[in-house]
Number of protein chains: 2
Amino acid sequence: MANVKPVFPPRIPCIRCPLRRLDTFRDFSPPELEFVQDFKVAELVANPGTSVVVEGERHPQLYTLLSGWGFRYKILEDGRRQILNYVLPGDLIGLQGNIMLEMQHSVEALTKMTLCVFERERLMTLYQHHPSLAYDITWLAAREESMLDEHLLSIGRRSALERAAYLLIFLYSRAIGTGSLSQRQNAPLPLTQQHVADTLGLSLVHTNKTLRKVAALGLIRWLDRGCEILDPPGLQNIAQWRPPAESKRPFI
Amino acid sequence: MANVKPVFPPRIPCIRCPLRRLDTFRDFSPPELEFVQDFKVAELVANPGTSVVVEGERHPQLYTLLSGWGFRYKILEDGRRQILNYVLPGDLIGLQGNIMLEMQHSVEALTKMTLCVFERERLMTLYQHHPSLAYDITWLAAREESMLDEHLLSIGRRSALERAAYLLIFLYSRAIGTGSLSQRQNAPLPLTQQHVADTLGLSLVHTNKTLRKVAALGLIRWLDRGCEILDPPGLQNIAQWRPPAESKRPFI
DNA sequence: CGTTGAGTTGAGGTAAGTCAAGACATGTGG
DNA sequence: CCACATGTCTTGACTTACCTCAACTCAACG
């Protein structure tokens with residue numbers, strides 16, 4: 001983990017947390033904010049391609065992604081890889097490590113990521129003194145479960161074209177919600193076709209052919225290491241999927 | 001829901017809850033037990049084939065499965081069905097309904113099920129006064145997530161034979177842990193091949209041919225509406241999967 | 001100016017889907 | 001009791017979606 005650099009003390013105080021400025025996220029009450037500020041022990045920067053969490057290892061820490069993109073994945077003994085979900089700002093990383101002894105999946109940075117670091121030991125204190133934050137953690141876990149349900153439906157029952165459309169519109173709508181694309185107009189999703197293949201459960205070659213079909217329909221444009229979304233409603237129609245109507249969501 | 005019958009008042013007091021007798025589950029402290037007893041407002045019996053929870057509907061209640069088997073699933077507009085996971089005793093049902101406005105999946109009874117019914121409104125009270133139970137709910141959500149991760153890996157990257165082996169040994173080990181098979185020696189998993197197909201993301205015909213291969217290897221025997229597990233280690237080897245080493249787990 | 005990683009394309013193979021028909025058990029109404 | 005319908009499992013024949021192998025382009029980088 002040569003490219004994972006912890007930063008002490010945290011540079012961004014929670015009161016000036018960039019996520020708090022987005023409509024997507026709910027506000028903390030003053031005591032909650034105070035607690036979270038104290039709960040946060042450091043910041044971490046991970047460069048693209050580096051692992052923040054490794055399957056089979058113990059993890060004494062919990063993270064919230066502040067900025068950047070990452071993904072969770074598992075691999076079989078012979079190397080086959082399945083990407084389980086993507087991690088975007090506001091997402092909690094490593095909760096499973098508190099429940100199981102060892103992490104059951106890995107997390108890798110797709111772009112440069114900034115993370116808030118929390119100590120696992122103090123999680124119980126959070127549950128004891130801030131029930132609303134405890135409920136938020138459950139909320140986040142249930143939301144992750146809901147996304148995984150949708151992915152399962154997708155891999156299990158959608159065709160390659162539908163799967164690709166679903167993944168792209170799914171990522172696009174999450175990116176919009178977390179301000180992860182807004183820098184410039186039509187900024188691309190930061191993926192390679194290998195990532196798409198490993199998410200959809202397809203081979204790289206067939207993924208390429210499928211993405212070219214989606215592009216031929218005028219719905220996307222594939223760039224060097226990314227995907228520009230041209231027609232969100234078109235993708236929704238092919239995928240038979242609408243983004244969930246989320247009101248303000250919590251984060252820690 | 002003609003076959004879903006609520007029972008008031010609950011017939012089984014929590015202190016004599018059959019799940020508490022199993023090694024798999026942790027004990028409640030006396031105050032926890034008292035709270036849960038009060039939290040439980042009714043019991044529900046659902047016959048095979050009936051729905052306890054329906055995608056798209058609002059759900060003011062939360063359930064814990066006391067006995068029997070069920071499954072969670074989603075369907076696409078054109079009817080394609082994906083089974084997401086199975087529900088076994090001790091599992092919480094309907095948590096997502098508390099987070100999202102509407103349920104994002106349905107739950108159907110595979111065998112006759114008995115459920116404990118809790119009121120959603122009082123969930124906040126639980127979080128406020130019983131942090132340990134709140135943590136348990138998070139624990140259950142994270143465990144569900146972990147199972148879904150494994151299913152995704154399976155559907156995305158395992159071959160049909162490996163997938164079938166994985167599903168069967170997965171269900172078998174869960175069933176053993178919850179005492180859902182122990183009545184008689186080698187009791188079968190209560191599934192049809194259609195359920196297996198909809199879980200694995202395969203067609204019914206191909207599922208049948210795959211299951212016959214697994215049976216030809218001497219690992220299972222397929223009965224009328226169920227699957228008898230003959231060689232758990234053999235299934236584990238094909239699936240490249242070991243059941244997680246769980247110590248005592250919580251339930252509500 | 002080779003090397004590397006990402007994307008592209010074609011040819012041929014195989015796993016899985018679809019269609020169709022039949023066996024068998026169970027249940028039901030006449 | 002029979003006649004008939006229904007659900008589950010089974011099998012064969014054919015089609016197709018996806019996979020593997022292999023080669024090539026192109027840009028970025030030292």
Side-chain angles (χ1 to χ4, degrees), chain A residues 47-50 76 78-83 108-111 154-168 188-216 220-228 238, chain B residues 3 47-50 71 76 78-83 108-111 154-168 188-216 220-228 238:
Chain A
N47 284 325
T50 51
L76 287 171
D78 58 9
R80 284 174 281 178
R81 178 175 79 165
Q82 178 64 39
I83 295 184
E108 189 177 308
L110 210 45
T111 68
S154 203
I155 299 200
R157 288 303 181 204
R158 279 192 251 248
S159 70
L161 188 73
E162 294 169 330
R163 268 184 250 184
Y166 161 70
L167 175 63
L168 297 173
L189 311 176
L191 302 161
T192 68
Q193 297 192 352
Q194 185 68 64
H195 293 120
V196 176
D198 286 350
T199 312
L200 303 184
L202 298 171
S203 72
L204 179 58
V205 173
H206 197 247
T207 298
N208 177 275
K209 287 167 183 168
T210 304
L211 287 172
R212 308 228 80 230
K213 275 184 202 160
V214 182
I220 63 164
R221 183 157 41 211
W222 196 272
L223 309 175
D224 179 28
R225 226 154 288 215
C227 179
E228 192 179 331
I238 291 185
Chain B
N3 286 319
N47 284 325
T50 52
F71 62 94
L76 288 171
D78 58 8
R80 283 174 282 177
R81 179 175 79 166
Q82 178 65 40
I83 294 183
E108 188 176 310
L110 210 46
T111 68
S154 202
I155 299 201
R157 288 304 182 204
R158 278 191 252 247
S159 70
L161 189 74
E162 293 168 331
R163 268 184 250 184
Y166 161 71
L167 175 63
L168 297 173
L189 311 177
L191 302 161
T192 68
Q193 297 191 354
Q194 185 67 65
H195 292 119
V196 176
D198 287 349
T199 311
L200 303 184
L202 298 170
S203 72
L204 179 59
V205 173
H206 197 248
T207 299
N208 176 274
K209 286 167 183 168
T210 305
L211 286 172
R212 309 228 80 229
K213 274 184 204 161
V214 181
I220 62 164
R221 183 159 40 212
W222 196 271
L223 309 174
D224 179 28
R225 224 154 292 213
C227 179
E228 192 177 331
I238 290 186

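Bear in mind that the values here come from a model prediction, so they are computed numbers and not experimental data. In what follows, chains are A, B, ... by sequence order, proteins preceding strands, each numbered from 1.
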- Kindly compute the distance separating CG (B:Leu211) from CG (B:Leu161), expressed to the nearest 0.5 Å.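 Going from the CG atom of B:Leu211 to the CG atom of B:Leu161 covers 9.5 Å.
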- Measure the spacing between CZ of A:Arg163 and CG of A:Leu200 and express it to the nearest 0.5 Å.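 It comes to 6.5 Å.
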By nearest atom, which of the nucleotides [options] is closest to the [X] side chain?
X: A:Lys209; options: C:dA16, C:dT9, D:dG12; answer: C:dT9
X: B:Gln193; options: C:dG17, D:dT10, C:dG7; answer: D:dT10
X: B:Val205; options: D:dC18, C:dT9, C:dC19; answer: C:dC19
X: A:Leu202; options: D:dC19, D:dT11, D:dC9; answer: D:dC19
X: A:Asn208; options: D:dA13, C:dT8, D:dT10; answer: C:dT8
X: A:Ser203; options: C:dA16, D:dT20, C:dT18; answer: D:dT20

- Is A:Arg225 near enough to C:dG5 that one of its side-chain N or O atoms lies under 4.0 angstrom from OP1 or OP2?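 Looking at the OP1 and OP2 atoms of C:dG5, neither is under 4.0 Å from any side-chain N or O of A:Arg225.
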Euclidean distance, atom [atom1] of residue [X] to atom [atom2] of [N] [Å, nearest integer]:
X: A:Leu211; N: D:dC18; atom1: CG; atom2: P; answer: 13 Å
X: B:His195; N: D:dC9; atom1: NE2; atom2: P; answer: 10 Å
X: B:Leu223; N: D:dT10; atom1: CG; atom2: C1'; answer: 15 Å
X: B:His206; N: D:dT10; atom1: NE2; atom2: C1'; answer: 14 Å
X: A:Arg80; N: D:dT20; atom1: CZ; atom2: C1'; answer: 14 Å
X: B:Arg212; N: D:dC9; atom1: CZ; atom2: P; answer: 11 Å
X: B:Trp222; N: D:dT8; atom1: CH2; atom2: C1'; answer: 10 Å
X: B:Arg221; N: D:dC9; atom1: CZ; atom2: C1'; answer: 17 Å

- Query: Checking all strands, does B:Gly49 fall into the base, sugar-phosphate, or nothing category for heavy-atom contacts under 4.0 angstrom?
  - Reply: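 Counting heavy atoms under 4.0 Å across all strands, no contact is made by B:Gly49.
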- Message: Regarding A:Asp198 and B:Arg157, does a basic nitrogen lie under 4.0 Å from an acidic carboxylate oxygen?
- Response: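 Salt bridge flag = yes for B:Arg157 with A:Asp198.
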- Item | A:Trp222 vs A:Arg212 side-chain heavy atoms within contact, under 4.5 Å |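 No; the side chains remain at least 4.5 Å from each other.
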- On DNA chain C, nearest-nucleotide positions of A:Thr192 versus B:Arg158: which is more 5'?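 Looking at the nearest nucleotide for each, A:Thr192 comes out on the 5' side.
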- Which residue, A:Gln194 or B:Leu204, contacts DNA chain C at a nucleotide closer to its 5' end, judged by nearest heavy atom?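 The answer here is A:Gln194.
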- Sub-3.5 Å donor-acceptor pair from the side chain of B:Gln193 to the main-chain atoms of B:Thr207, do we have one?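 No.
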